[in-house]
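Counting starts at 1 for both ligands and their atoms, following the listed order. Position 1 is the first residue of the sequence, and the numbers go up from there.
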Amino acid sequence: MKDMTRRQFGKTVAATAALAGVGLPEFSFSQASAIDRRFPKGFVWGCATAAYQIEGAVNEGGRGKTNWDVFAHTPGKTFNGDTGDVADDSYHLYKEDVRLLRNLGVSAYRMSIAWSRIFPQGSGQPNQAGLDYYQRVLDELLANSITPYVTLFHWDLPQALPGGWQSRDTAKAFADYAGYVARQLSDRVSHFMTTNEFACFTDLGYRVGQFAPGLRLGPAEVNQVRHHGILAHGLGVQAMRANAPSAQVGLAENAIVYVPVIEDRANIEAAQRATRDGNAPFLTTVLEGQYPASYLKREGGNAPRIEPGDMKAIGSALDFVGLNVYTPTYVRADESPQGYVIERPQASYPHMASPWLSIGPECIYWGVRNVSEVWHPRAIYITENGCSADDVVTPAGRIEDTDRVMYLRNHLTHLQRATAEGYPVKGYFLWSLLDNFEWADGYSKRFGIHYVDFKTEKRMPKLSAEWYRAVIAGNAVM
Ligand code: GBH
């Protein structure tokens, strides 16, 4: 088939089918594929960022210190000692960033609010300058017909809160902050996400120690931290409902995505069982309003201490579930009591520039499908998807990130399948608009579709930005 054009191939297929006595409808191959690749009308296209990763200006506008300021300034915690002190300087350059969004043609932008700009001490007195800043950013977006989707907590925790997520009071402080922001900003914002990725600000911060605050606690304490994380979300939802009854409220969660090794009934069911188990302390509990019995049994005496009202708050109904999807976890049905086994990646399994970022684009389809079939949420958004790549600027000043385009195009192909099969996925936010502070990896990993020269803060569209613009214009995989 090497020298065959697609048209010839189509004819051959049709001829073969005719020979086999199978009637094929009259169609041209290229037309059919254009139709198949389209997304539903009104599909939301956006880009995502987070406050500490882009804003900089850590000492301006009355902003209070956060756990990430402290962590990044602790020697040995981040690559090269990098910090978010300046980052993309979006605090000052936000109008330029909105211009980039506008050039892409996105209809939405997912951004986060720095809690410590609104409440420098985490609770108590709000800071008007912080609120004013976000009102300016939101007004700039709205003036450019870009709908803001706002995350309230993307890991930058006010340092002044005693004990951080080890304290139950932090969940209550979050609810006060969420309610206040909902009241103040719901004139400009109709979609809010409470928290971003429970496992990252709980397990990675308090068990693995790779993220702020860099602790390695035991299982009982870790389960309590996890409980405070989902409790913050739940109390936050309640506070937002009370203060902004018409707002759409959800969360952004990097649920583990289980991909059946073979797409047959047994393995698909295995993937669904794994979805409930593997996400037990987080998304499963949030969407079911109780910890799975198997989780409580497994944790035994280390299970979290729960107070009256906690589970009701945690299980608050949501308007949408946001999924941050990057990598697959392959699962196979087996005869074990749990009914499945997880396949670890082989040494030769391909990944993007970040070693953890295994390439398995069907994960975006299974992320949507597993969550839909297990919990039937009203709506799903892909709140993050994207990749790191070893971008270089050519002498001609271009960034030809064909590997990122490959990654993104393949994911959209599988996301389009999810929409075509009727799963309720309403939009897609590409991570990220800009290269930015990649947490423990500092500035060593670039996820942007715009290149940022961190010496000059100059932004340059990569090939992937040009590609995304075409996707949005065509509302189709391009
Ligand atoms: C998201 O996390 C975040 O929401 C976003 O802020 C971030 O910039 C983006 O993805 C890209 O990373 O080093 O092997 O221990 C995605 C989930 C969890 C993936 C932590 C990387 C570290 C793996 N991330 N994980 S490892």
Side-chain angles (χ1 to χ4, degrees), residues 46-55 66-68 71-72 77-79 82-84 87-88 90 109-114 149-157 193-212 214 216 226 229 233 250-257 278-279 282-283 322-329 344-345 349 351-360 363-364 367 381-391 404 407-408 411 428-450 452 464:
C47 286
T49 61
Y52 188 66
Q53 295 181 270
I54 66 164
E55 284 180 0
T66 72
N67 60 343
W68 267 95
F71 187 73
K77 298 300 185 191
T78 63
F79 177 88
D82 290 346
T83 73
D88 292 317
S90 288
Y109 178 50
R110 175 175 174 236
M111 54 179 271
S112 85
I113 287 184
Y149 283 61
V150 170
T151 314
L152 293 174
F153 178 67
H154 200 123
W155 309 351
D156 42 356
L157 185 71
M193 286 139 290
T194 52
T195 48
N196 184 71
E197 302 189 345
F198 293 122
C200 291
F201 71 85
T202 61
D203 283 53
L204 287 182
Y206 292 81
R207 181 173 62 80
V208 182
Q210 189 192 354
F211 281 4
R216 294 192 181 176
R226 292 168 167 179
H233 156 80
L251 80 182
E253 182 57 350
N254 61 330
I256 304 170
V257 176
N279 298 297
F282 304 123
L283 195 60
L323 298 175
N324 296 354
V325 181
Y326 290 90
T327 63
T329 296
R344 298 287 156 206
Y349 198 95
H351 62 79
M352 297 300 295
S354 306
W356 59 269
L357 221 171
S358 302
I359 303 166
C363 66
I364 205 164
Y381 288 89
I382 300 300
T383 35
E384 289 181 25
N385 171 243
C387 66
S388 49
D390 293 332
D391 300 316
R404 181 176 286 104
Y407 176 97
L408 294 169
H411 279 79
Y428 172 90
F429 293 84
L430 197 160
W431 185 274
S432 180
L433 175 66
L434 303 165
D435 294 336
N436 58 47
F437 176 74
E438 178 54 16
W439 306 110
D441 288 333
Y443 297 99
S444 69
K445 294 287 182 280
R446 294 177 178 273
F447 276 79
I449 57 172
H450 293 91
V452 177
S464 51

Peer 1: Could you tell me the residue and atom name of the protein heavy atom closest to atom 26 (S) of ligand 1, and the distance to it rounded to 0.1 Å?
Peer 2: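 The answer is Q210 NE2, 3.6 Å.
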Peer 1: Which of the atoms of ligand 1 are close to N196, meaning less than 4.0 Å from one of its heavy atoms?
Peer 2: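 Atoms satisfying the 4.0 Å criterion: 4 (O).
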Peer 1: Report the residue from D391, D441, D435, N436 that forms a side-chain hydrogen bond (donor to acceptor under 3.5 Å, both in side chains) with R446.
Peer 2: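 Among the candidates, only D435 passes.
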Peer 1: Does the R216 side chain pair with the main chain of V208, one donor and one acceptor, at a distance under 3.5 Å?
Peer 2: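 Such a contact is found between R216 side chain and V208 backbone.
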Peer 1: Check F201, Y206, W155 against F211 for a ring-ring contact (aromatic ring centres under 6.0 Å, His included) and give me the one that passes.
Peer 2: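 The ring-ring contact (aromatic ring centres under 6.0 Å, His included) with F211 is passed solely by W155 among F201, Y206, W155.
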Peer 1: Hey, could you give me the NE2/CG distance between H450 and D88, rounded to the nearest 0.5 Å?
Peer 2: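 H450 atom NE2 to D88 atom CG measures 11.5 Å (nearest 0.5 Å).
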Peer 1: May I ask you to identify, for L204, whether its side chain, its backbone, both or neither come under 4.0 Å of ligand 1 on a heavy-atom basis?
Peer 2: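 Side chain only.
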Peer 1: Any nitrogen or oxygen of W356, main chain or side chain, under 3.5 Å from a nitrogen or oxygen of ligand 1?
Peer 2: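 No.
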Peer 1: Taking Q53 for the side chain and F437 for the main chain, is one N or O donor matched with an acceptor at less than 3.5 Å?
Peer 2: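 Yes, the answer is positive, given that a donor and an acceptor are paired below the 3.5 Å cut-off.
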Peer 1: Among all the protein's non-hydrogen atoms, which is closest to atom 1 (C) of ligand 1, and how far away is it?
Peer 2: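 Result for atom 1 (C) of ligand 1: E384 OE1, 3.1 Å.
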Peer 1: Please identify which atoms of ligand 1 are closer than 4.0 Å to at least one heavy atom of F447.
Peer 2: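 Counting from 1, the qualifying ligand atoms are 11 (C), 12 (O).
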Peer 1: Mark up the atoms of ligand 1 that fall under 4.0 Å of a heavy atom belonging to N254, in ascending order.
Peer 2: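 By the 4.0 Å cutoff, the relevant atoms are 17 (C).
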Peer 1: Do side-chain atoms of S388 reach the backbone of F447 as a donor and acceptor pair under 3.5 angstrom?
Peer 2: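 Absent.
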Peer 1: Where the closest heavy atom to atom 16 (C) of ligand 1 is concerned, which of H154, E197, E438 has it?
Peer 2: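 The nearest heavy atom belongs to E197.
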Peer 1: If every non-hydrogen atom of I359 is compared with every non-hydrogen atom of Y349, which pair is closest and at what distance?
Peer 2: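 Smallest heavy-atom distance, with atoms named: O-OH, 2.7 Å.
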Peer 1: Hey, is ligand 1 close enough to Y326 that some N/O pair sits below 3.5 Å?
Peer 2: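 Y326 vs ligand 1: N/O contact under 3.5 Å present.
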Peer 1: Run the numbers for me: atoms of ligand 1, each under 4.0 Å from some heavy atom of C200, listed by number.
Peer 2: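 Checking each atom against C200, I get 18 (C).
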